[in-house]
2 protein chains.
Amino acid sequence: MIETPTPADPAEPEPTARRRGRPPRAESADTRDRILTVAREEFSERGYEKTSVRGIAKAAGVDSALVHHYFGTKEQVFEAAISVSFSAALHAPEAVAAGPLDGVGERLTRFVFGVWDNPATRAPLLAVLRSAVNNETAAAVFRRVIATQLLRRIAAQVDLPDAELRAELAAAQIVGTAMMRYVIKLEPLASADLEQIIARIAPVVQHHLTAR
Amino acid sequence: MIETPTPADPAEPEPTARRRGRPPRAESADTRDRILTVAREEFSERGYEKTSVRGIAKAAGVDSALVHHYFGTKEQVFEAAISVSFSAALHAPEAVAAGPLDGVGERLTRFVFGVWDNPATRAPLLAVLRSAVNNETAAAVFRRVIATQLLRRIAAQVDLPDAELRAELAAAQIVGTAMMRYVIKLEPLASADLEQIIARIAPVVQHHLTAR
DNA sequence: GTCTATAACCTGATAGAC
DNA sequence: GTCTATCAGGTTATAGAC
């Protein structure tokens with residue numbers, strides 16, 4: 001889906017030769033990455049609608065036309081910026097899905113809140129959550145990554161009726177809590193100790209997945 | 001989609017007279033209400049950023065200047081449109097907060113999902129949720145209404161440590177589920193029978209509020 | 001009260017120069 | 001590769017006519 005327009009030339013023909021005539025602004029090998037990083041920040045801070053291609057370009061120190069040059073439309077910029085890092089952030093290690101079933105609730109809760117509580121890894125989640133609520137593209141990313149990469153693998157472990165529904169209600173508890181804490185900033189939840197929250201959430205997640 | 005904006009003129013001054021070109025300045029009494037109703041629909045369908053004053057004006061059959069005339073800035077339009085109906089929609093009847101404590105989980109769950117499952121009453125909730133995630137004004141409305149009008153009254157019933165935190169985690173389960181079902185539309189949750197969801201959620205809400 | 005007209009922006013996207 | 005210039009819209013908000 002994402003398919004980079006591919007600058008895709010890791011091996012320059014003349015590695016030693018100095019750049020000729022045209023004054024290079026910088027190595028453009030990472031210009032693309034810089035745009036992508038900035039885009040991720042902008043989208044996570046402002047959401048899809050409020051983020052502008054021009055704003056991304058300015059923050060990355062390039063022209064807006066260059067953003068289009070690399071990624072195409074705004075929606076393609078968004079998808080490129082988000083889905084990679086989001087998918088990376090939530091690519092649950094085997095440890096969550098595997099392991100004893102009676103500890104899956106705590107493992108899952110710890111894993112997700114670990115990602116959320118780290119400001120660096122929180123950014124892509126914020127971006128997707130902020131945007132998924134107002135933008136169908138983002139909602140699709142959310143569904144795809146959450147559902148296929150995380151929930152389905154957990155549901156597969158649960159040998160009970162309605163395993164998928166169970167996994168989704170468990171996810172709803174986690175995502176809802178993250179939203180209240182990190183986005184809406186409802187007090188006292190927003191300032192509460194993370195361990196206290198995990199202690200309350202993990203059993204509920206476990207209950208959703210395996211009770212009865 | 002949200003159902004009719006209430007043509008809203010039950011008592012016409014001249015029931016038989018046909019409408020002519022020059023509207024008599026008589027009936028602006030409900031022009032304001034019509035704008036407000038339309039604004040609520042637009043905000044709930046599109047969120048704050050994507051909704052335009054011009055769009056509201058056009059849908060209400062008036063000029064955009066008139067919207068500003070009545071309400072001021074776009075943010076003031078938003079606050080007027082949202083906070084009334086949201087507060088009305090979630091003004092929990094005494095029955096939720098009162099009554100036996102061991103039934104509060106189910107009463108709260110039923111009440112909130114009852115509102116969410118009705119397309120008419122869902123609109124203001126969607127508007128606030130869509131907007132609260134991207135807009136601080138909306139987040140403030142959300143905090144204020146949710147926290148003071150609903151959670152605090154429930155927490156007051158719970159005579160346990162961390163009563164407020166408990167109420168917020170319960171709310172997180174409900175709001176998270178509503179978001180997954182009505183906004184993200186994660187399957188099978190989005191198509192699941194409401195009673196089945198309530199049967200799974202209510203005990204968890206109860207657990208959050210009163211367990212241990 | 002209601003609308004026309006317009007000021008003063010911002011937006012995504014593209015063609016083409018260097 | 002990168003940027004300038006520009007198109008064809010869109011936006012909020014206000015001044016002022018009727």
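Below, chains carry the letters A, B, ... as their sequence lines are ordered, and counting in each starts from 1.
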Practice task
Calculate the interatomic distance between B:Phe71 atom CZ and C:dT2 atom P; express it in whole Å.
Solution key: 12 Å
Problem - Whether A:Tyr182 and A:Trp116 hold their rings parallel, tilted or perpendicular, with breakpoints at 30° and 60° - result: parallel
Practice task
To the nearest Å, give me how far apart CD1 (A:Ile35) and P (D:dT2) are.
Solution key: 8 Å
Exercise for the section: Determine yes or no for a side-chain-to-main-chain donor-acceptor pair under 3.5 angstrom, with B:Thr51 supplying the side chain and B:Glu42 the backbone. Expected result: yes
Handout entry: Contact under 4.0 Å: A:Thr31 side-chain N or O vs D:dT2 OP1/OP2
Key = yes
Exercise for the section: Return the value, rounded to whole Å, for the distance between atom NE2 of B:His69 and atom P of C:dG1. Expected result: 7 Å
Problem - Among C:dG12, D:dC3, D:dA13, the nucleotide that comes nearest once only the side chain of B:Thr73 is considered - result: D:dA13
Can you give me the N/O atom pairs linking the protein to nucleotides 5-11 of chain C at distances under 3.5 Å, or say none if there are none?
from   : atom 1 : to      : atom 2 : distance (Å)
C:dT11 : OP1    : A:Ser52 : OG     : 3.4

Exercise for the section: Give a yes/no on whether any side-chain N or O of A:Tyr70 is located under 4.0 angstrom from OP1 or OP2 of D:dT2. Expected result: yes
Exercise for the section: Give the rounded distance in Å between these two atoms: OH of B:Tyr48 and P of D:dT11. Expected result: 14 Å
Problem - Nucleotide C:dA17, atom C1' - distance to CG of A:Leu66 in whole Å - result: 15 Å
Fill in the blank from the handout: B:His68 atom NE2 is separated from D:dT14 atom P, nearest whole Å, by 7 Å
Handout entry: Closest heavy-atom pair and its distance - A:Ser44, A:Leu126
Key = O-CB, 4.0 Å
Exercise for the section: Quick one: list whatever passes side chain to side chain donor-acceptor pair (under 3.5 Å) with A:Glu136, sequence neighbours left out. Expected result: A:Arg143
Problem - Min side-chain heavy-atom separation B:Thr177-A:Glu168 under 4.5 Å - result: no
Problem - Geometric class of the B:Tyr48/B:Phe43 ring pair [parallel <30°, tilted 30-60°, perpendicular >60°] - result: parallel
